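The shown structure was predicted, so the numbers you read here are calculated from the model rather than taken from an experiment. Letters A, B, ... are given to chains in the order of the sequence lines, protein chains preceding strands, and every chain is numbered from 1. Values below: every heavy atom of this structure, side chains too, minus hydrogens, waters and symmetry copies.
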Number of protein chains: 2
Amino acid sequence: MQSETIENYLKTIYHLSAGNSTIVNNKQLADKLKVIPATVTEAVKKLHELKLVIYEKSYGTRLTSSGSKMALNIVRRHRIWETYLANELGFGWDEVHEIAEELEHIKNDKLIKKLSEKLGNPSFDPHGDPIPDEKGKIQKSNFIKLSEAKLKNSYKIMGVTDHSTAFLKYLEKHQLIIGASINIKTIEEFDNSITLICQKKEVSISPKAAESIIAETL
Amino acid sequence: MQSETIENYLKTIYHLSAGNSTIVNNKQLADKLKVIPATVTEAVKKLHELKLVIYEKSYGTRLTSSGSKMALNIVRRHRIWETYLANELGFGWDEVHEIAEELEHIKNDKLIKKLSEKLGNPSFDPHGDPIPDEKGKIQKSNFIKLSEAKLKNSYKIMGVTDHSTAFLKYLEKHQLIIGASINIKTIEEFDNSITLICQKKEVSISPKAAESIIAETL
DNA sequence: TTATTATTTTTGGCTAACCAAAAAATTAAT
DNA sequence: ATTAATTTTTTGGTTAGCCAAAAATAATAA
Ligand SMILES: [Mn+2]
Ligand SMILES: [Mn+2]
Ligand SMILES: [Mn+2]
Ligand SMILES: [Mn+2]
C-alpha cells in the first residue's frame with residue numbers, strides 16, 4: 001500500500017511537472033512539501049526503487065507511467081471530494097481544498113465512484129480544474145490564463161490556479177466567480193495590469209492575479 | 001495533534017470498557033488492535049504520559065475524562081460517517097464500518113457538523129448504535145440483547161453489536177433488519193436457542209447470534 | 001575563467017510504531 | 001502450596017519519515 005507520504009510526493013511531482021512529465025527538482029518539492037531538500041533526496045530515491053518515478057542524481061525527477069497513473073488517481077479523489085464538499089455539503093470553494101487534502105488519501109474505489117455518480121460524474125471541480133476519469137483521462141478545454149487574454153475579447157471565468165483563501169475571497173468580493181462573463185477593456189502597457197468589465201462593473205486586476213485566473217474564450 | 005494510532009487506542013479502550021470506564025487489559029487491546037502485547041505496553045505508557053488514560057502497571061488501563069472525551073468524539077465521527085455512507089450514498093450497512101474506520105480520523109469539526117445536519121442530527125447509526133452528540137452525550141435507550149428476551153414478548157430490532165459482513169449478510173437473508181418487529185415463540189431449555197416470528201415467518205437463532213442483536217421492548 | 005551562490009547529497013541522529021525473544025509477574029490448576 | 005499457564009514487561013532491533021550540518025555538485029556572476 002502506498003503511504004500518505006508517497007501519495008503526497010506523487011501528487012506534488014505531478015502538479016509541478018504540469019501534467020507533461022517535465023523534470024522536477026528537489027528544491028521545488030522541498031518547498032511545496034514543507035520538508036528540507038535532504039528529505040526529498042531520500043524520498044525520490046525510494047520512489048525510484050518503487051518504479052514510481054525516474055530519479056536522476058543531481059538532475060531531477062519525473063513520473064513513470066505507473067507513478068503518473070497513481071498521481072492522476074489521487075488528483076481525481078481530491079477533486080471529486082472538493083466538488084462534493086462544495087456541491088453537496090455547502091462548503092465555500094475557499095474551504096474545500098484543505099479538507100480534500102486529507103480526504104484524498106482514503107483509498108476506496110467504490111466510495112469515489114458513488115460520490116462521482118451522485119455529482120453526475122463531473123469533469124471539473126469547483127475551482128475549474130479538470131477531474132481525471134477512472135482511467136486517468138483528463139478532459140481538454142480551450143482555457144487560457146487571463147494574463148494571456150486579448151483586448152476587447154470576451155471570456156468566461158472557469159477556474160483559478162491559486163487556491164489560497166485570501167485570493168478566493170478577493171475574487172468573490174469583485175464577483176469574479178466561476179461562470180461569470182467578462183470583457184477585457186484595457187491592458188496597461190507598462191505593467192500588464194488588466195481592466196475588465198464584469199457584471200457591468202469595472203474591475204482592475206494585477207498581472208499576478210490574472211496569472212491565476214483561468215478563462216474560456218467566448 | 002493526536003495521531004491515528006492514538007485515536008485507535010482510545011476508541012478501542014472505550015469500546016472494551018463498555019462506556020463505563022472498566023479496566024481494560026493489554027491482551028484485549030493487543031487482540032483488537034492486531035499488535036503484540038509488548039506494543040500495547042509501550043502505547044499505554046505513552047497515553048498515560050499524555051494524561052489520556054490511567055495505566056497501572058501489570059493491572060490495566062482506563063480512560064481519564066479527557067481521554068474519554070476524545071474517544072467519544074472519535075466514536076461520533078465514526079457513526080456519523082457510517083450513517084452518511086448508508087443514508088446518503090446508498091452503501092449497505094455491512095459495508096460502512098470498514099470505510100468509516102478510515103474516515104473517522106479526519107479531524108474537521110465543521111465537516112462533521114455539516115454531515116450531521118444533512119442527516120437531521122441522528123442519534124443512532126445504521127447498526128442501531130447511539131451517536132454521541134458534540135458534547136459527548138449519548139442518548140439512552142431501553143434496548144436489550146435478544147439473548148435476554150422473554151417468551152411471548154414482542155420486540156423491535158434496533159441494532160447489532162457484531163458488525164462482521166458475514167453476520168450482517170445472515171441477518172439480511174432472514175429479513176432480520178433494523179426496525180423489524182418480532183415475537184419470541186420458543187426459547188430452548190437446553191441450548192438457549194430462540195425461535196421467533198418475523199415477517200410472518202419463523203426463524204431460529206443461535207444463542208451467539210441472539211447475543212449480537214439489540215432489540216427494543218415493545 | 002574564476003569566484004560566488006544555489007542546489008543536492010551525505011552523514012549522523014531523532015521519534016513514532018511496530019516486532020521477537022527472554023524475563024518477570026500474575027492468575028489458575030492441581 | 002506448588003506447579004503450570006497466561007499475561008505483562010523488558011530489552012534489543014527494525015522501518016518510515018523527518019532534521020541539521022557538512023561536503024560535493026551544479027549553476028550563475030564577475
Ligand atoms: Mn484543491
Ligand atoms: Mn494530501
Ligand atoms: Mn462501526
Ligand atoms: Mn480507525
Side-chain angles (χ1 to χ4, degrees), chain A residues 1-17 22-63 66-67 70-71 74 101-102 104-107, chain B residues 1-17 22-63 66-67 70-71 74 101-102 104-107:
Chain A
M1 284 300 92
Q2 71 273 38
S3 69
E4 199 162 314
T5 301
I6 287 180
E7 292 198 334
N8 282 334
Y9 269 93
L10 291 176
K11 195 185 66 166
T12 306
I13 294 168
Y14 173 82
H15 285 313
L16 288 174
S17 58
T22 318
I23 270 74
V24 172
N25 58 275
N26 291 359
K27 182 67 170 24
Q28 295 175 287
L29 277 170
D31 289 347
K32 282 277 178 199
L33 292 165
K34 308 250 171 78
V35 293
I36 68 170
T39 303
V40 174
T41 303
E42 272 179 3
V44 293
K45 273 182 190 170
K46 200 178 67 179
L47 290 173
H48 185 101
E49 289 301 310
L50 294 170
K51 297 196 194 295
L52 295 172
V53 307
I54 290 161
Y55 154 64
E56 287 171 270
K57 198 167 160 170
S58 286
Y59 173 60
T61 304
R62 64 183 200 277
L63 293 170
S66 88
M70 224 173 253
I74 301 156
E101 238 6 89
E102 293 191 58
E104 69 187 0
H105 300 292
I106 283 154
K107 282 165 285 296
Chain B
M1 286 299 94
Q2 71 273 41
S3 69
E4 201 162 313
T5 300
I6 288 181
E7 292 198 334
N8 283 333
Y9 270 92
L10 292 176
K11 196 185 63 166
T12 306
I13 295 168
Y14 173 82
H15 284 313
L16 288 173
S17 58
T22 317
I23 270 75
V24 172
N25 58 275
N26 291 0
K27 181 71 172 19
Q28 296 175 285
L29 277 170
D31 289 347
K32 283 276 179 202
L33 291 166
K34 307 247 172 79
V35 294
I36 69 170
T39 303
V40 173
T41 304
E42 271 181 2
V44 292
K45 273 182 189 170
K46 201 178 64 179
L47 290 174
H48 186 102
E49 290 301 309
L50 294 170
K51 297 195 194 297
L52 295 172
V53 307
I54 290 161
Y55 154 64
E56 288 172 88
K57 198 165 159 172
S58 288
Y59 173 60
T61 304
R62 64 183 200 277
L63 293 170
S66 89
M70 225 174 254
I74 301 157
E101 239 5 90
E102 293 191 58
E104 69 188 358
H105 300 293
I106 283 156
K107 283 166 283 296

- Query: For DNA chain D, which residues in residues 26-39 of chain A have a heavy atom at a distance below 4.0 Å?
  - Reply: A/Lys34, A/Val35, A/Ile36, A/Ala38, A/Thr39

In whole Å, what is the span from the [atom1] atom of [X] to the [atom2] atom of [N]?
{"X": "A/Ile6", "N": "D/dT15", "atom1": "CD1", "atom2": "C1'", "result": "12 Å"}
{"X": "B/Asn8", "N": "C/dA16", "atom1": "CG", "atom2": "C1'", "result": "15 Å"}
{"X": "A/Ile23", "N": "C/dT8", "atom1": "CD1", "atom2": "P", "result": "13 Å"}
{"X": "B/Glu7", "N": "C/dA17", "atom1": "CD", "atom2": "C1'", "result": "16 Å"}
{"X": "A/Lys57", "N": "D/dA26", "atom1": "NZ", "atom2": "P", "result": "9 Å"}
{"X": "B/Leu16", "N": "D/dT7", "atom1": "CG", "atom2": "C1'", "result": "16 Å"}
{"X": "B/Lys45", "N": "D/dT11", "atom1": "NZ", "atom2": "P", "result": "9 Å"}
{"X": "A/Asn25", "N": "C/dA6", "atom1": "CG", "atom2": "P", "result": "15 Å"}

- Query: Is A/Lys46 close to A/Ile6 at the side-chain level, that is, under 4.5 Å between some pair of heavy atoms?
  - Reply: yes

- Residue pair A/Lys11 / A/Glu101, side-chain heavy-atom distance below 4.5 Å: yes

- Query: Base, sugar-phosphate alone, or nothing: which one does A/Thr5 contact when heavy atoms must sit under 4.0 Å apart?
  - Reply: sugar-phosphate

- Message: So B/Ser58, base contact, sugar-phosphate only, or nothing? Heavy-atom distance under 4.0 Å.
- Response: sugar-phosphate

Which atoms form the tightest heavy-atom contact between [X] and [Y], and what is the distance?
{"X": "A/Ser58", "Y": "A/Tyr55", "answer": "N-OH, 4.5 Å"}
{"X": "A/Ile13", "Y": "A/Val24", "answer": "O-CG2, 3.8 Å"}
{"X": "A/Glu104", "Y": "A/Asn8", "answer": "OE2-OD1, 3.5 Å"}

- Task: Can you measure from OG1 (B/Thr41) to NZ (B/Lys57) and round to the nearest 0.5 angstrom?
- Result: 10.0 Å

- Task: Would you mind telling me which of C/dC18, D/dT25, D/dC18 lies closest to the side-chain atoms of B/Tyr9?
- Result: C/dC18

- Message: It should be established whether A/Ser3 places a side-chain nitrogen or oxygen under 4.0 Å from OP1 or OP2 of nucleotide D/dG17.
- Response: yes

- Query: Is the NZ atom of A/Lys51 crowded by more than 12 outside heavy atoms at less than 6.0 Å?
  - Reply: no

- Of A/Glu42 and A/Tyr55, whose closest DNA chain C nucleotide lies nearer the 5' terminus? A/Tyr55

